[in-house]
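Each chain gets a letter, A, B and so on, in the order its sequence line appears, and its residues count up from 1. Small disclaimer: the values here were computed from a predicted structure and weren't measured.
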There are 2 protein chains.
Amino acid sequence: MTARRQVIPRAAPPASGRGTGVAPLTVNDPALLVEGSDARFRRLIYDLYSFSTRLDKLRGAISRTVGLTGRQYHILLVVAELGGGPPVTVNKVAEALRTSAAFVTKETGALIRAGLMDKAANPKDRRAVMLRLTAKGEAAIDALAPALRTINDDLFANIGAGAFRALAETMARLVTNIDAALAVAERISRKKGPK
Amino acid sequence: MTARRQVIPRAAPPASGRGTGVAPLTVNDPALLVEGSDARFRRLIYDLYSFSTRLDKLRGAISRTVGLTGRQYHILLVVAELGGGPPVTVNKVAEALRTSAAFVTKETGALIRAGLMDKAANPKDRRAVMLRLTAKGEAAIDALAPALRTINDDLFANIGAGAFRALAETMARLVTNIDAALAVAERISRKKGPK
DNA sequence: GCCGATAGTTAACTAAGTTAATAATTAGGC
DNA sequence: GCCTAATTATTAACTTAGTTAACTATCGGC
C-alpha cells in the first residue's frame with residue numbers, strides 16, 4: 001500500500017489556550033521548588049527519562065557485541081552476582097530485576113541455548129531450579145569488561161567522588177520511596193479508572 | 001497445548017566457577033571506586049534501572065486515570081510545555097522525547113482521536129504540522145495535577161533541597177555525557193558484532 | 001524548473017515485558 | 001499418612017513502546 005499523506009483539516013479556531021503554558025504545580029514540597037517554580041523538578045524528571053532511555057540503548061549496544069539483548073546481559077550479570085551464595089532460582093533473579101518470573105524463564109532459555117548458563121534441578125526442592133553461569137558465560141562477562149570500563153568512565157566524566165556518592169545515596173532512597181509512591185498511584189488509578 | 005514441565009537435565013559437572021563471583025572491574029575512574037571495589041557503582045546502575053522501570057509504571061498508572069498510556073501523557077506534557085512558543089512540530093516533540101518522529105506521529109494520532117490535541121497545517125510550511133492542546137487536553141493536565149503533587153512528594157520524601165539540586169545537576173551532566181558514551185558503544189558494537 | 005534536503009506518515013518488525021492458565025512439587029493441618 | 005493450600009516454574013497469548021525503511025509532499029537553492 002502506498003503511503004498517501006493524510007489530509008490535515010484547515011486550522012480550527014484556537015483552543016482556549018493558556019497562552020504562556022502556565023500549568024498547575026506538580027509538587028508541594030518546598031524543597032523541590034526553585035523560586036516557587038517546579039520547572040527544575042520537571043526538567044529533572046525529563047532528564048531521568050532521557051537518561052534511562054539512553055542507558056537502555058547503551059546496554060543494548062554493549063550486549064550486541066556478544067550476541068545478547070540488553071536484558072539477557074543484565075540477567076547474566078545478576079546470576080553471576082548471586083552465584084557463590086545459595087542456589088540461584090528463577091524467582092530470585094526476577095526479584096533482583098524487578099520483573100516477572102515468566103520473563104526470566106523466557107530469557108534464561110535464550111542464555112542456556114547460547115551456552116552461557118545452565119540449569120539443574122535442585123535435589124532439595126524439585127520445583128526449584130538452580131541457575132549457574134557456564135565457563136563460557138563467565139568468559140562473556142570478562143570479555144565485555146574492558147569496553148565497559150571505557151564506556152562507564154565516559155559516562156561519569158567530570159563527576160567527582162562526592163557527586164558519585166551523593167547520587168548513589170539519593171538513588172537508593174528514591175528506589176525505596178518509589179514503591180510507596182507506586183502503591184498510591186495504583187490505588188488512585190484503580191479508583192478513578194478501573195476500566 | 002498443556003504446560004508440561006520441561007525436563008531438566010541432571011546436574012552437570014560444575015562450571016569452572018569463580019566461586020565467590022569476583023569479576024573484573026567495570027570502571028577505571030578512581031572517583032567511582034569505593035575501597036577499590038566497583039560494587040557501589042554497579043549497585044547504582046542497578047538502582048537506576050530499577051528506578052526507571054518503576055517510574056514508567058508510575059507514569060502509566062497516573063496516565064490510565066485519564067485513559068492514556070504513559071508515553072501519550074508524556075507527549076501531552078511536552079506539547080503543553082512547548083506551546084506558547086513557535087509552532088510545535090512532530091520533530092520537535094520527537095527530539096524532546098528522544099524518540100523517533102514515526103513514534104510521535106502514531107501516538108499523537110491517539111491523542112487527537114481522544115480529543116486532547118489537534119493538528120493543523122502550517123501555512124508557512126505545508127510539510128510541517130502544528131500540534132496544539134485542545135481545551136480538553138489542558139483540562140486533562142490540570143485534572144492530574146493534584147494526584148501528581150501527592151505522588152511526587154511521596155517520591156521525594158526525605159530528600160532535601162540540597163540533595164534535590166545535587167541530583168538535578170548530576171543528572172543533567174549524565175544526560176550530556178551519555179550521548180558520547182553511546183556513540184562509543186555503538187562504534188564498538190558495529191566493529192565487533194555488525195551481524 | 002530541477003535537485004537535494006526536510007517533514008511527516010505508514011507498514012512491518014523487534015524488545016521487553018505482562019497476565020492467566022497449567023503442572024509439579026512441597027509443606028502444613030489434622 | 002492424606003488432603004489441601006501454597007510455592008516454583010513454565011507456556012501461550014497479548015500489550016506497550018519503540019525501531020527502521022520506504023514513501024509522499026513540500027521547500028529552498030541554484
Query - Sub-4.5 Å side-chain heavy-atom contact between B/Leu44 and A/Phe156 - result: yes

Query raised in the report: Under 4.0 Å: is that the gap between some side-chain N or O of A/Asn91 and OP1 or OP2 of D/dT7?
Result: no

Query raised in the report: B/Thr99 near the nucleic acid: base, sugar-phosphate alone, or nothing, with a heavy-atom cut-off under 4.0 Å?
Result: sugar-phosphate

Query raised in the report: Less than 4.0 Å between a side-chain N and a carboxylate O, is that true for B/Arg149 and A/Asp38?
Result: no

**Report entry** Nearest-nucleotide comparison on DNA chain D, the residue closer to the 5′ end among A/Lys92 and B/Phe103
**Finding:** A/Lys92

Requested in this report: Flag yes if more than 12 heavy atoms outside A/Arg165 fall under 6.0 Å of its CZ atom; otherwise flag no.
Outcome: no

**Report entry** Pairwise distance OG1(B/Thr134) to CZ(B/Arg132) - rounded to 0.5 angstrom
**Finding:** 9.5 Å

Query - A/Thr176 side-chain N/O to A/Ala172 backbone N/O, donor-acceptor pair under 3.5 Å - result: yes

Query raised in the report: Considering only side-chain heavy atoms of A/Arg126, which listed nucleotide, C/dT9, C/dA20, C/dT26, is closest?
Result: C/dT26

Query - Among D/dA9, D/dT10, C/dA11, the one nearest A/Thr89 by side-chain distance - result: D/dA9

Query raised in the report: Does A/Lys119 put a side-chain nitrogen or oxygen below 4.0 Å from OP1 or OP2 of D/dT8?
Result: no

Query - Between C1' of C/dT6 and CG of B/Asp125, the distance in whole Å - result: 8 Å

Query raised in the report: Is a donor-acceptor contact shorter than 3.5 angstrom present between the side chain of A/Arg127 and the base of D/dT7?
Result: yes

Report task. Just call it for A/Lys57: base, sugar-phosphate, or nothing, with non-hydrogen atoms closer than 4.0 Å on any strand. Result -> sugar-phosphate

Report summary line: Assign each of B/Ala102 and A/Ala102 the nucleotide of DNA chain C bearing its closest heavy atom; nearer the 5' end lies the nucleotide of B/Ala102

Query raised in the report: Between D/dT11, D/dT19, C/dT9, which nucleotide has the shortest distance from any of its atoms to the side chain of B/Ser100?
Result: D/dT19

Query raised in the report: Atom CE of B/Met130 and atom P of C/dA7: how far apart are they, to the nearest Å?
Result: 15 Å

Query raised in the report: Touch check for A/Thr69, heavy atoms < 4.0 angstrom, all strands: base, sugar-phosphate only, or nothing?
Result: sugar-phosphate

**Report entry** Toward the 5' end of DNA chain C, by each residue's nearest nucleotide, B/Val90 or A/Asp56
**Finding:** B/Val90

Query raised in the report: So what does B/Gly109 touch, heavy atoms closer than 4.0 Å: a base, only the sugar-phosphate, or nothing?
Result: nothing

Query raised in the report: Rounded to whole angstroms, how far apart are CD1 on A/Ile75 and C1' on D/dA9?
Result: 14 Å

Requested in this report: Name the residue closer to the 5' end of DNA chain D, choosing between B/Gly70 and A/Val88 according to the nucleotide with the nearest heavy atom.
Outcome: A/Val88

Report task. For B/Lys124 and D/dT26, give me the distance from atom NZ to atom P, rounded to whole Å. Result -> 18 Å

Report task. Could you tell me whether A/Thr53 contacts a base, only the sugar-phosphate backbone, or nothing, with contacts defined as non-hydrogen atoms closer than 4.0 Å? Result -> nothing

Query - Closest to the A/Thr105 side chain, choosing from D/dT10, D/dC27, D/dT19 - result: D/dT10

